[in-house]
Amino acid sequence: METRMNNEIEMLRQGLTGQRPVDDAVLTSAAVLGDRLEMLKRDSSLFDAVSFSPEVEAMMAEQLTAVAN
């Protein structure tokens, strides 16, 4: 499982840094990591203040806007 999570993190990093296009794979990785973060927040209040960077939030918002149009 750790290797899969590292793959999700790496794919998201590559999308953010322009090493790969922000495609469905990058967005799926962001969604998977978001789900995992929400599970951690439900399990422990230690994670309440943890969030995605503004860059990730903007990337996801852009894609949601593009899909809605």
Side-chain angles (χ1 to χ4, degrees):
M1 182 167 162
E2 183 177 334
T3 301
R4 183 165 182 229
M5 184 164 62
N6 287 340
N7 289 341
E8 305 293 354
I9 293 168
E10 180 62 19
M11 186 151 324
L12 181 57
R13 185 190 67 74
Q14 289 175 357
L16 288 170
T17 59
Q19 293 177 314
R20 67 172 292 137
V22 177
D23 57 9
D24 287 340
V26 172
L27 296 173
T28 298
S29 292
V32 167
L33 293 169
D35 288 345
R36 290 181 185 163
L37 178 56
E38 290 307 313
M39 285 190 292
L40 287 171
K41 288 180 176 187
R42 281 193 301 268
D43 290 344
S44 174
S45 61
L46 291 172
F47 298 97
D48 286 346
V50 177
S51 63
F52 283 119
S53 69
E55 293 83 7
V56 173
E57 294 288 344
M59 178 188 71
M60 293 170 68
E62 287 174 22
Q63 292 303 313
L64 286 174
T65 302
V67 169
N69 293 327

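What you see is a predicted model; the values in this text were computed from it and never measured.
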Measuring from E10:CD to E8:CD, what's the distance to the nearest 0.5 Å? 11.5 Å
Shortest non-hydrogen contact from V22 to G15? CG2-O, 3.6 Å
Is a donor on one side and an acceptor on the other found under 3.5 Å between the side chain of D24 and the backbone of L27? no
If I take atom CG from residue D23 and atom CE from residue M11, how far apart are they, to the nearest 0.5 angstrom? 7.5 Å
How close do L12 and M59 get, heavy atom to heavy atom, and via which atoms? CD1-CE, 3.4 Å
Kindly list each side-chain donor-acceptor pair under 3.5 angstrom involving residues 37-45, sequence neighbours excluded, with atom names and distances?
unit_1	atom_1	unit_2	atom_2	d
K41	NZ	V50	O	2.9
S44	OG	L46	N	3.1

If I take atom CZ from residue R13 and atom CG from residue N6, how far apart are they, to the nearest 0.5 angstrom? 11.5 Å
